[in-house]
Amino acid sequence: MNHSIKLENIGCLITESASGFDYNNNTSLVLEDDCIQSIGSGSGDTIIDCKGKLVTPGFVDSHTHLIFNNLRTEEHRLRLSGATYEEIANNRGGIVSSVESVQSATPKDLFDMAIPRLDRFISMGTTTIEAKSGYGLTTESELKSLKVISNLSEKHAIDIIPTFMGAHAFPVEYEDKKEDYVDLVINEMIPEVENQGIAKFIDVFCEEGYFDIDQSKRILKAGISAGLKPRVHADEFYNFGASLMAGEMGAVSADHLMKIDEKGIMSLKNNKVVATLLPGTTFFLNKDSYAPARKLIDEDIIVALATDFNPGSCHIQSMPFIITLAVMKLQMTVEEAFLAATFNGAKALGLQNEIGSIAVGKKADLIVWDIANLSEIPYYVSNHPIRHVIKNGKLVFGS
Ligand code: NIG
Ligand code: FE
């Protein structure tokens, strides 16, 4: 049975256009089943009164590390007394300190831990997230994490796009035999991920102290052969050519980019790689080296914004807050930041034809706000005046 919802009395509706988006004043919207059916005309079985306020697409958070168990508040405290992420990671803090608890967790533990996080994403207007494995670092625990992601996506209203990230860090027991771990990722993990058809993307942390250029390339190539699309954690703390490599490998997205240089920028531009910026991480790490968003935009590179939600370097889930950081720290305009958090996030996931904007035929993923215009999103900073969230045509937040 078809079910339709009519959003009436919309003060300002943000719709897709060739240049980004259009503003439509005093209009309505009809959703049928999980899709947008018509704009400005038509009727619906259920009516939602938008009270003359703003209606936008839901946020697409294209970079999260959703599957973790223990919190790392102690690391945060250490940073507040001056320690850096890199120093803490070199002392067995960082990613490897999340691994043991994921390895010993049952799938149900991980599932139950993630549900309230997903509820929070929805309540803050995020309707699709990407989620990476990467705190398992054994074949069994990486696959376990991906299976949990798949179950969560099935059971929860939010859609979750899975990324395999066995190459997130070297497990402690491989510290002196890193090549063996690279071999394990290539020869055991990737074939099993392919077998189970359980990931869309493959990601590598290509960074000083993590996976070097050669190791990253080998891992990404193996992933590509297994049908996975590449994305890269690039130039976060140091620059040794990770963005350059991301371009060469045809990555869909290169993420972080706090330390990207001119060559890296040209590589992203020439290879049409989306630049995904994660200003929440710079903020949460108490650093001031924000990614050069303006330079990237001026080169006509597609810039997306995401949270990087994870237990260590960025415990932030709010896309409205990421927009606030983008306008205050990355010198992006409100419109650029909003586009980056929606349509460009969808591009970073290869899903721009289905989600990320309001257009007839696209998924009905929407936010009904309690504000009149986009500028009020960063103005409210940490309050998110959201009245309703609609996902796949269903009211999933607010009543
Ligand atoms: O994106 N950079 C690599 N991975 C995460 C850090 C995860 C962690 O510290 O647990 C990031 O910032
Ligand atoms: Fe990350």
Side-chain angles (χ1 to χ4, degrees), residues 61-79 83-103 113 117 129-137 141-142 145 161-172 201-212 216 219 230-240 242-243 246 251-260 274-287 289-291 304-317 322 325 345 348-349:
D61 187 348
S62 59
H63 184 140
T64 84
H65 302 257
L66 174 72
I67 303 302
F68 59 86
N69 200 344
N70 61 305
L71 299 177
R72 290 174 15 215
T73 35
E74 196 46 43
E75 263 184 40
H76 192 235
R77 288 179 66 107
L78 286 171
R79 276 197 300 277
T84 65
Y85 181 86
E86 298 90 312
E87 285 161 3
I88 295 166
N90 289 339
N91 285 313
R92 301 225 167 141
I95 295 164
V96 293
S97 66
S98 287
V99 168
E100 207 181 281
S101 72
V102 167
Q103 288 182 349
M113 288 290 280
R117 296 174 191 153
I129 62 169
E130 177 259 20
K132 303 169 201 297
S133 66
Y135 292 117
L137 307 189
S141 291
E142 284 297 300
S145 301
I161 312 303
T163 295
F164 165 64
M165 199 173 181
H168 195 192
F170 288 99
V172 176
F201 293 102
I202 180 162
D203 198 340
V204 177
F205 190 12
C206 183
E207 182 75 35
E208 185 84 46
Y210 296 83
F211 297 81
D212 66 23
S216 301
I219 290 167
R231 42 200 323 115
V232 183
H233 278 63
D235 302 333
E236 179 176 358
F237 301 123
Y238 304 97
N239 186 319
F240 63 41
S243 296
V252 181
S253 174
D255 302 30
H256 282 292
L257 312 180
M258 278 147 69
K259 291 285 159 70
I260 193 171
V274 175
T276 299
L277 306 186
L278 310 164
T281 310
T282 322
F283 173 80
F284 196 82
L285 291 179
N286 237 341
K287 295 190 180 245
S289 51
Y290 284 88
L305 285 167
T307 59
D308 194 23
F309 174 56
N310 75 71
S313 66
C314 187
H315 198 238
I316 296 173
Q317 290 190 247
I322 297 298
L325 290 176
L349 297 176

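Hydrogens, waters and symmetry mates play no part in the numbers below; they use all other heavy atoms, side chains included. Note that ligands are numbered from 1 as they come in the structure, with each ligand's atoms numbered from 1 the same way. Values in this document were obtained by computation on a predicted structure and should not be read as measured data.
The shortest contact between atom 2 (N) of ligand 1 and any protein heavy atom is with E236 OE1, 2.7 Å. Looking from atom 12 (O) of ligand 1 to the surrounding protein, the closest heavy atom is S313 OG, 2.5 Å. H168 NE2, 2.8 Å is the protein heavy atom nearest to atom 4 (N) of ligand 1. The single protein non-hydrogen atom nearest to atom 11 (C) of ligand 1 is D308 OD2, 3.2 Å, given as residue, atom name and distance.
Using modelled atom types, one side-chain atom of E75 and one backbone atom of G94 make a donor-acceptor pair closer than 3.5 Å. Panel note: side chain E142, backbone G134; a donor-acceptor pair is recorded below 3.5 Å. Looking only at distances, no side-chain donor or acceptor of N70 sits under 3.5 Å from a matching main-chain atom of E100. Here the side chain of S145 pairs a donor or acceptor atom with the backbone of S141 at under 3.5 angstrom. Looking only at distances, a side-chain donor or acceptor of D61 sits under 3.5 Å from a matching main-chain atom of T307. With R117 contributing its side chain and L66 its backbone, the two residues share a donor-acceptor pair below 3.5 Å.
When the shell of 6.0 Å around CZ of F283 is examined, it contains 12 or fewer heavy atoms from other residues, nucleotides or ligands.
Only the side chain of R72 comes within contact range of ligand 1, with a heavy atom under 4.0 Å; no backbone atom does.
The shortest separation from a heavy atom of E75 to ligand 1 is not under 4.0 Å, leaving the residue out of contact.
Counting only N and O atoms by type, the side chains of T281 and D308 include a donor and acceptor under 3.5 Å apart.
Under a 4.0 Å criterion applied to the non-hydrogen atoms of Y135, ligand 1 contributes the atoms 7 (C), 8 (C), 10 (O).
Between F205, Y210, Y85, F284, it is Y85 that holds the heavy atom closest to atom 9 (O) of ligand 1.
Protein N/O/S atoms closer than 2.8 Å to the Fe ion (ligand 2): H63 NE2, H65 NE2, H233 NE2, D308 OD1.
Any N or O atom pair closer than 3.5 Å counts here, and H256 shares at least one such pair with ligand 1.
In this structure, NE2 on H233 lies 4.0 Å from CE on M165, to the nearest 0.5 angstrom.
A salt bridge is defined here as a Lys NZ or Arg NE, NH1 or NH2 lying under 4.0 Å from an Asp or Glu carboxylate O, and K259 with E207 fails to meet this definition.
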